[in-house]
Asks: 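Please see the structure below; I have some questions.
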Amino acid sequence: MDRVRIVGGKPLYGEIPISGAKNAGLPLMAASLLTNEAVHLVNLPHLADISSMAHLLRELGVKISMNGGTFQRESANRKLELDASNIVETTAPYDVVRKMRASVLVLGPLLAREHAARVSLPGGCAIGTRPVDLHLKAMEQLGAKIELTEGYIEASAPGGLVGNHVVFPSVTVGGTENVLMAAVLASGETVISNAAREPEVTDLAHCLTAMGAKIEGIGTDTLRIQGVERLQGVEHAVLPDRIETGSYAVAAAITGGDLLLRGARMNLIEATVDLLSRAGISFTEETDGVRVTRTDGRVRGVDLMTEPFPGFPTDMQAQFMALMSIADGASMVTETIFENRFMHVPELSRMGADINVHGASAIIRGVPALSGAPVMATDLRASVSLVLAGLAAEGETIVNRVYHLDRGYERLEEKLARCGAEIHRLAD
Ligand code: UD1
């Protein structure tokens, strides 16, 4: 299994291109199931999760090709064509779903277009139990019959889905996306209350609208959808990845450097900008991206609570904690989205961080410096927090199990090395 070796202590200077957002790309790919015309997605990141979704869609009969078969290095030049004119299968098998929970996003589109879907239950995962009960209840409200048999969700709606009022008791990104994709082809009106407002949900809604869907309230917590008979093909550019942007902003902050994050958009990262500014990091919007600088001494300790958008994203919590490990003063981090998202804490502690966890909160008392150590990655964002800590630490850090990084960060070592980081992949 590959590992990443980092020798820390070098401030990063230069430019990092930000890729398209993984969490927008996955539902957009699933949305191709809603039409028999070709969907073209530009700026998809080259990541393991995107390949897993392509693999699943191919099994369902979607024909997929990249720029006529030629792979483009820069994601902005990449165009994926997805042609679901001939859906041959409505089962998402265990083998694919177990690797990537977002596979459940085919449930809504398959039910809407084929009136049937059989999707393996995702089961538990490293950051909590992560059930799909809210997705299933909402599909039932749209008229689907759901049964759970032998680890599979068996869903059917022989007469087609029918619009309804869906009220989510708590905010769910994937649940909102699934219902949105189901409702665009349902008969009549669907209203989604307490909808997720994440930019990736909004990106999906804009793409669906360009395909002919009728959606009001985009970007708000109430989405009103008038079902249509059919959707058409589209060309859509995936929005920049706000979590990749935030992660590299922390790379600038934690090493005391200056990075231009090319293609990043300030309006997608406001909660991160607000918090890191209070910690002493400066952000400037430039014509081609966002510049992040830390020049004036140590970072200050600030408190944080994760929240649904527009609050601070749970997917940035681990990276922020790595930064707070070397802050001047203490910081309290409270995780409100997932119940078990502190697995990076014991690893950061092995690098010299002073962190105490009490239930859903962690107190981090900043230390002057971290020291390199062999560490183990447990999930995607935990892994990148260890890379970030390694960039700031004295000496050598080896991050094991980097396949987690490959799920969410395109060319991570190359992007960081170009800005002066000493980072290499060690292949076993
Ligand atoms: C998405 C993101 C993930 C991010 C998360 C929260 C993708 C591919 N992934 O995941 O990176 O960390 O949003 O911003 O976009 N829940 C239930 N029942 C359900 C659905 C969710 O109890 O049916 C709970 C979850 O366990 C969790 C919370 O609701 O505690 C939020 O989950 P959700 O917003 O659905 O996350 P995902 O869509 O899986």
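Start at 1 with the first residue, then count along the sequence. Every number for a ligand or one of its atoms is a count from 1 in the order of the listing.
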Asks: Checking contacts here: is it the side chain or the backbone of Ile337 that comes within 4.0 Å of ligand 1, counting heavy atoms only? Could be both or neither.
Replies: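 The part of Ile337 near ligand 1 is both the backbone and the side chain.
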Asks: For the atom pair CZ (Phe168) and CG (Asp221), what is the distance rounded to the nearest 0.5 Å?
Replies: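 If we round to the nearest 0.5 Å, Phe168:CZ and Asp221:CG are 12.5 Å apart.
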Asks: Calculate, to the nearest 0.5 Å, the distance between atoms CD1 and CG belonging to Ile423 and Leu416 respectively.
Replies: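 Between atom CD1 of Ile423 and atom CG of Leu416 there are 5.0 Å.
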Asks: Which one holds for Asp315 and ligand 1: side chain close, backbone close, both close, or neither close, with close meaning a heavy atom under 4.0 Å?
Replies: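 Asp315 to ligand 1: side-chain contact only, backbone stays beyond 4.0 Å.
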Asks: For atom CE of Met266, is the number of surrounding heavy atoms from other residues, nucleotides or ligands below 6.0 Å larger than 12?
Replies: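 More than 12 within 6.0 Å, yes.
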Asks: Is a side-chain donor-acceptor pair under 3.5 Å present for Glu114 with Thr90?
Replies: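 Short answer, no.
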Asks: Test your reading of the structure: does Gly175 have an N or O sitting under 3.5 Å from an N or O of ligand 1?
Replies: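 It does not: no N or O of Gly175 is found under 3.5 Å from an N or O of ligand 1.
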Asks: So for His135, does at least one of its heavy atoms come nearer than 4.0 angstrom to any atom of ligand 1?
Replies: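 Contact check His135 vs ligand 1: positive.
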Asks: Below 4.0 Å from ligand 1: does a non-hydrogen atom of Arg341 turn up there or not?
Replies: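 Arg341 counts as a contact of ligand 1 under the 4.0 Å cut-off.
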Asks: Regarding ligand 1, does Gly174 bring an N or O atom to under 3.5 Å of one of the ligand's N or O atoms?
Replies: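 In this structure, Gly174 places an N or O atom under 3.5 Å from an N or O of ligand 1.
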Asks: Using heavy atoms and a threshold below 4.0 Å, how should the contact between Asp133 and ligand 1 be classified: side chain, backbone, both, or neither?
Replies: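 Near ligand 1, Asp133 shows its backbone as well as its side chain.
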Asks: Hey, mind stepping through Ser19 and Glu410 against side chain to side chain donor-acceptor pair (under 3.5 Å) and telling me if it holds?
Replies: CA-CA 7 Å; Ser19 299; Glu410 182 174 352; 3.0 Å; yes
Asks: Regarding atom 16 (N) of ligand 1: of the candidates Pro131, Pro27, Ala138, Pro313, which has the closest heavy atom?
Replies: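 It is Pro131 that holds the nearest heavy atom.
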Asks: Would Ala102 count as being in polar contact with ligand 1, using the rule that some N or O on each side must be under 3.5 angstrom apart?
Replies: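 Such a contact does not occur with ligand 1.
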Asks: I want to know if ligand 1 touches Asn23 in the polar sense, i.e. an N/O pair below 3.5 angstrom.
Replies: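 Such a contact does occur with ligand 1.
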Asks: Going by heavy atoms, is Ser170 under 4.0 Å from ligand 1?
Replies: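 Contact absent.
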Asks: More than 12 heavy atoms of other residues, nucleotides or ligands under 6.0 Å from OH of Tyr94: is that the case?
Replies: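 No.
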Asks: Side-chain donor-acceptor pair under 3.5 Å between Thr222 and Ser193, yes or no?
Replies: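 Result is no, nothing qualifies.
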Asks: Is the contact between Arg101 and ligand 1 made by the side chain, the backbone, both, or neither, using heavy atoms and a 4.0 Å cut-off?
Replies: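 Answer for Arg101: side chain.
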Asks: If you measure every N or O of Glu177 against every N or O of ligand 1, does any of those distances drop under 3.5 Å?
Replies: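 Between Glu177 and ligand 1, no N or O pair is found under 3.5 Å apart.
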